[in-house]
Number of protein chains: 2
Amino acid sequence: MKRVTLEEVARVAGVSRATASRVVNGASSVDESLRHAVQRAISSTGYLPNIAARSLVTRRADAIGLLLPDERRMDGDPHLASVVSGVTRVVRPLGVHLVLMMTGPGTREQAMSDLRCGRLDGVILVHTDPADPVPGQLIEAGLPVVLAGRPLEPMPITYVDVNQTAGAALAACRLKSLQCNRIATITGPQDTPAGQDRLAGFLAEVPDAVVVHGDFTRQSGVAAMEHLIRRCPDVDGVFVASDLMANGAIPVLHRSGRKVPDDVAVVGFDDSSAALTSEPELTTVRQPITDMAAEMARQLLRQITEPRSPAVSVVFEPSLVVRDSG
Amino acid sequence: MKRVTLEEVARVAGVSRATASRVVNGASSVDESLRHAVQRAISSTGYLPNIAARSLVTRRADAIGLLLPDERRMDGDPHLASVVSGVTRVVRPLGVHLVLMMTGPGTREQAMSDLRCGRLDGVILVHTDPADPVPGQLIEAGLPVVLAGRPLEPMPITYVDVNQTAGAALAACRLKSLQCNRIATITGPQDTPAGQDRLAGFLAEVPDAVVVHGDFTRQSGVAAMEHLIRRCPDVDGVFVASDLMANGAIPVLHRSGRKVPDDVAVVGFDDSSAALTSEPELTTVRQPITDMAAEMARQLLRQITEPRSPAVSVVFEPSLVVRDSG
DNA sequence: CTGAAAGCGCTTACAG
DNA sequence: CTGAAAGCGCTTACAG
C-alpha cells in the first residue's frame with residue numbers, strides 16, 4: 001500500500017505538479033487533453049490527495065466541530081441523531097468532517113484551541129449553558145460559530161431556532177379548540193430561552209392558565225403533574241413544554257384515575273421519540289430538527305468562507321402533530 | 001491574531017526548532033533549563049502546534065471515525081449519546097478527534113478513502129449491515145477497525161460485544177423465578193447476531209417458550225404482541241428482546257385487559273431510554289454501553305499504534321435491572 | 001543533549 | 001494555459 005503522491009500522478013500524466021494539482025482541484029482553465037491525461041493518471045494510480053499537506057497550505061481543516069452538552073444533559077434532548085443527520089447532509093458532499101465533542105472537563109477550551117490552531121474551521125454549539133463564556137469568546141475572536149437556539153442575552157451571533165412562541169400558541173389553540181375549560185401548562189426551565197418563550201407564547205393565548213414549573217426532564221414532568229392535579233383537580237387540558245416531561249406526566253394522570261385525552265387533553269412539544277413511546281401517543285408541536293441542523297451547517301460554512309460576515313438568525317416555523325393525547 | 005510558529009518559540013527561547021519541537025512533544029532528554037526556557041516561550045507566545053504540519057510528517061491524523069447507520073436505523077438504537085460519550089472519554093485526553101459519519105449514499109467509500117489518504121487513523125463500525133462488504137475490505141487492507149458487536153460471519157476482526165446469550169438467560173431466570181408458567185419471547189431479527197443470540201440464550205433456559213418474531217423496532221413489538229396474545233392467550237411471562245419493542249408491546253397487553261406485571265410479566269433488553277418511558281418501567285437486561293464504547297476506542301487506538309496486532313474480541317457481562325414490569 | 005538540514009505532499013503567486 | 005520554485009509548519013534521522 002504505497003502512498004501515491006501528486007508528483008507521481010504528474011509524472012504519469014506527463015505534466016507538472018502544478019497542472020496536476022489544478023485538475024485535482026477543478027481549476028477553471030486547464031487544456032482539455034491535459035485534463036484528461038491527468039484524470040487517467042489519477043484513476044490508474046488510485047491517487048488520493050493528502051489532506052494534511054493540503055491543509056498546511058490552504059489553512060483550512062475542512063472540519064467543523066459539534067459541541068454537545070454531556071451525556072446526562074443529552075438525555076433531555078433526544079435529537080442528537082437528527083442533528084447529526086442534518087449537519088452531515090450538507091457537510092459531507094463538501095468533504096468536510098464533522099467532529100463531535102461532548103462537554104467534559106476542558107472540552108470547551110479544547111475546542112477553542114482546535115479552532116485557533118486551525119484544526120477546526122468552525123463550531124456549532126448545542127444547548128450551551130446560558131452562563132457559558134465560550135460563545136462570547138468565540139465571536140470576539142472572530143471565529144466562525146453558530147448556536148442552536150437563541151442565546152439568552154442578545155448578542156451578535158448567528159443562531160438557528162424554531163419559533164418557540166408560535167409553537168406554544170399552536171398548542172394553546174389546540175387545547176382551546178378541544179373545548180378545554182381549565183387549562184394549565186407545565187413549563188421548561190425559566191432560565192433558558194426555550195423555557196421562557198414556550199411559557200410566554202402559551203400565556204399570550206391562555207392568560208388565565210395555571211402554571212406549574214418543570215425543567216424539561218421526565219422526572220420533573222411527574223412531579224409537576226402531581227403538583228398540578230393537587231392544586232387544580234378539575235384541569236382538563238395541559239400543555240407540557242417538552243415531550244419528555246409529558247411522558248412522565250401522563251402516567252400520573254392515569255394513576256389518578258383520569259383518562260387521556262377524554263378527561264384531560266395533553267399536548268407536548270418537540271415531537272421527539274418520547275412522543276411515540278407515550279401511551280397514548282402524544283399530540284405535540286414539531287420542530288424540523290434535521291432541517292434546522294442543515295441550516296446551521298450552511299450558516300457555519302458561509303461564515304468560514306466569508307469571515308466577518310454579519311450575524312443572522314434563522315427561525316423555523318413549528319407545526320402541530322395531532323395524535324391521540326389531545 | 002497572528003499564527004505563532006515553532007520557529008518563533010525557538011527564537012524566543014533561544015534554542016533550535018528541533019529542541020523546541022522536542023519539548024512540545026515531551027521528548028525524553030532535553031536539558032532542564034532549556035526545557036524551561038521553551039515552556040516559558042510557549043506560554044508567553046501562546047503557541048499552538050499546527051496539526052496539519054505535524055500530520056504531514058508523522059503520518060497520523062489523530063482522528064478516528066465512528067460509522068453509524070442512518071437516522072432511521074439509529075432510531076432503533078437509542079445508545080448514540082452513550083457511545084459517543086464512552087469513546088470521547090478515552091480519546092480526548094489523547095487529543096484524538098472523533099469524526100462522525102452517518103451512513104448515506106457513498107459514506108462507506110468515503111470512510112475508506114479517508115482511511116487510505118490518512119485523514120482518519122481508524123474507524124469504529126456500529127450496526128453494520130451483515131451483508132456490508134466494508135469491514136472485510138478494511139481488515140483486508142490492514143486498516144485499523146473495530147466492530148460494535150460480533151460479526152455475523154466469523155472473521156478475524158476485533159469487536160466488542162455484550163454476552164447476549166447470558167443476558168437472555170438472565171431474563172429467562174427472572175421470569176422463572178416469578179413463577180411464570182406460560183412463557184414466550186418476542187425476538188429480534190434473526191439475521192443479526194444479537195437477534196440470534198438473545199433467542200438462543202433464552203431457549204436454552206426455557207426450551208418450550210412460545211416464539212414470536214420481531215425486528216427490534218417499536219412497531220414490530222406491537223404487532224408481535226398482538227399476534228402472541230391471539231395465539232397464546234394464557235401467556236403470563238414474556239421476554240421481549242429489546243426495550244423499544246417492549247415499549248410497543250406493553251400497551252397492547254393493557255388494551256387487552258391484562259395488567260403488567262400482575263397478569264403478564266415483561267422483561268426487556270438494553271436498558272435504553274425506552275425502559276424508563278414505558279409504563280410500568282421496564283425490568284430489563286443492561287449492557288454497559290459506555291464502557292463498551294470506551295473499550296472499542298482503546299482497541300482501535302492499540303491497532304493504530306501497533307499495526308497488524310492480532311484481532312481480539314472483548315465481551316462484557318450484562319446485568320439484570322429489576323424495575324416494575326416483571 | 002543539541003542543531004543544521006532534509007523532507008513530509010501539497011498549493012499558489014510569478015513568469016512566460 | 002503551463003511550469004519552476006517557493007513555502008506552508010512541523011519532525012526526525014544524522015552528525016557532533
Side-chain angles (χ1 to χ4, degrees), chain A residues 1-39 41-42 45-63 95 113-114 116-121 305, chain B residues 1-39 41-42 45-63 95 113-114 116-121 305:
Chain A
M1 224 189 53
K2 221 175 86 288
R3 293 231 47 76
V4 180
T5 70
L6 229 208
E7 178 82 54
E8 203 159 327
V9 170
R11 201 182 50 228
V12 172
V15 300
S16 72
R17 216 160 65 233
T19 300
S21 172
R22 289 187 187 106
V23 355
V24 167
N25 295 293
S28 36
S29 46
V30 176
D31 185 87
E32 211 42 21
S33 65
L34 292 191
R35 177 191 305 284
H36 272 57
V38 173
Q39 268 154 358
I42 287 174
T45 55
Y47 170 72
L48 286 174
N50 178 316
I51 305 296
R54 172 182 294 172
S55 263
L56 185 53
V57 23
T58 59
R59 301 177 157 292
R60 289 243 327 206
D62 283 320
S113 319
D114 283 341
R116 279 199 219 280
C117 77
R119 202 172 172 202
L120 247 31
D121 296 324
T305 343
Chain B
M1 225 190 51
K2 220 175 86 286
R3 292 231 47 76
V4 180
T5 72
L6 229 210
E7 178 82 51
E8 204 159 326
V9 170
R11 201 182 50 227
V12 172
V15 301
S16 73
R17 214 160 65 230
T19 299
S21 173
R22 289 188 187 105
V23 356
V24 167
N25 294 293
S28 36
S29 45
V30 175
D31 186 87
E32 211 41 19
S33 65
L34 292 191
R35 177 190 306 286
H36 271 57
V38 173
Q39 269 154 357
I42 288 173
T45 55
Y47 170 72
L48 286 175
N50 179 316
I51 305 297
R54 173 183 293 170
S55 263
L56 183 54
V57 24
T58 60
R59 303 178 157 290
R60 290 242 326 206
D62 283 320
S113 320
D114 283 341
R116 279 200 220 279
C117 76
R119 202 172 172 203
L120 247 31
D121 296 324
T305 343

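Letters A, B, ... mirror the listed sequences (proteins, then strands); counts begin at 1. Computation of the quantities below employed the complete heavy-atom set of this structure, encompassing side-chain atoms and omitting hydrogens, waters and symmetry-equivalent molecules. Only a predicted model underlies this, so the values are computations on that prediction, with no experimental measurement involved.
Of the two residues near DNA chain C, B:Arg59 and B:Ser33, the one whose nearest nucleotide lies more 5' is B:Ser33.
Straight-line distance from the CG atom of B:Asp62 to the C1' atom of C:dC8: 15 Å, rounded to whole Å. Counting to the nearest Å, the C1' atom of D:dG9 and the CD1 atom of B:Ile42 are 15 Å from each other. Put simply, CD on A:Glu7 is 13 Å from P on C:dG7, counting in whole angstrom units. In this structure, A:Leu56 places its CG atom 9 Å from P of D:dC8, rounding to the nearest Å. Taking atom CG of residue A:Leu48 and atom C1' of nucleotide C:dC10, one finds them 14 Å apart after rounding to whole Å. Regarding A:Arg11, its CZ atom lies at a distance of 14 Å from the C1' atom of C:dG9, rounded to whole Å. Look at CG on A:Asp31: it is 10 Å from P on D:dG3, rounded to the nearest Å.
Taking atom P on both nucleotides, D:dC1 is separated from D:dA5 by 23 Å, rounded to a whole Å. C:dA6 and C:dT2 have their P atoms separated by 22 Å, given to the nearest Å. D:dA15 and D:dT11 have their P atoms separated by 22 Å, given to the nearest Å. C:dG16 and C:dT12 have their C1' atoms separated by 16 Å, with the value rounded to a whole Å.
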- Message: What verdict does the side chain to side chain contact (heavy atoms under 4.5 Å, CB included) test give for B:Arg54 and B:Val24, after you've listed the backbone C-alpha separation in whole Å, the side-chain angles of each residue and the deciding distance to 0.1 Å?
- Response: CA-CA 12 Å; B:Arg54 173 183 293 170; B:Val24 167; 3.8 Å; yes
- Between B:Asn50 and A:Leu56, is a side chain to side chain contact (heavy atoms under 4.5 Å, CB included) present by the stated rule, with each step listed? CA-CA 8 Å; B:Asn50 179 316; A:Leu56 185 53; 4.1 Å; yes
Polar atoms only, N or O, under 3.5 Å: list the protein pairs with nucleotides 11-13 of chain C and their distances.
{"unit_1": "C:dT11", "atom_1": "OP1", "unit_2": "A:Asn25", "atom_2": "OD1", "d": "3.2"}
{"unit_1": "C:dT11", "atom_1": "OP1", "unit_2": "A:Asn25", "atom_2": "ND2", "d": "2.8"}
{"unit_1": "C:dT11", "atom_1": "OP1", "unit_2": "A:Arg54", "atom_2": "NE", "d": "3.0"}
{"unit_1": "C:dT11", "atom_1": "OP1", "unit_2": "A:Arg54", "atom_2": "NH2", "d": "3.4"}
{"unit_1": "C:dT11", "atom_1": "OP2", "unit_2": "A:Ser21", "atom_2": "OG", "d": "2.4"}
{"unit_1": "C:dT11", "atom_1": "OP2", "unit_2": "A:Asn25", "atom_2": "ND2", "d": "3.4"}
{"unit_1": "C:dT11", "atom_1": "O4", "unit_2": "A:Arg17", "atom_2": "NH2", "d": "3.4"}
{"unit_1": "C:dA13", "atom_1": "N6", "unit_2": "A:Arg22", "atom_2": "NH2", "d": "3.4"}

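In terms of heavy atoms, A:Ala52 sits closest to B:Ser55 at CB-CB, 3.6 Å. Annotation for A:Arg119 and B:Ile51: closest pair CD-CG1, 3.4 Å, computed over non-hydrogen atoms.
To the nearest 0.5 Å, atom CG of residue B:Leu48 and atom CZ of residue A:Arg116 are 8.0 Å apart. Residue A:Ser16 holds its OG atom at 10.0 Å from CD of A:Glu7, rounded to the nearest 0.5 Å. Atoms OG1 and CG, from A:Thr19 and A:Asp31 in turn, are 10.0 Å apart once rounded to the nearest 0.5 Å.
In this structure, the side chain to side chain contact (heavy atoms under 4.5 Å, CB included) partners of A:Arg60, at least two apart in sequence or on a different chain, are A:Thr58, A:Asp62, A:Asp121, A:Ile304.
By the 4.5 Å heavy-atom criterion applied to side chains, A:Val9 and A:Val38 are counted as neighbours.
As judged by a 4.0 angstrom heavy-atom cut-off over every strand, B:Ile51 is placed among residues making no nucleic acid contact.
Where DNA chain C pairs in unbroken runs of 3 or more (Watson-Crick or G-U, both distances under 3.5 Å), the stems are C:1-3 with D:14-16, C:5-12 with D:5-12, C:14-16 with D:1-3.
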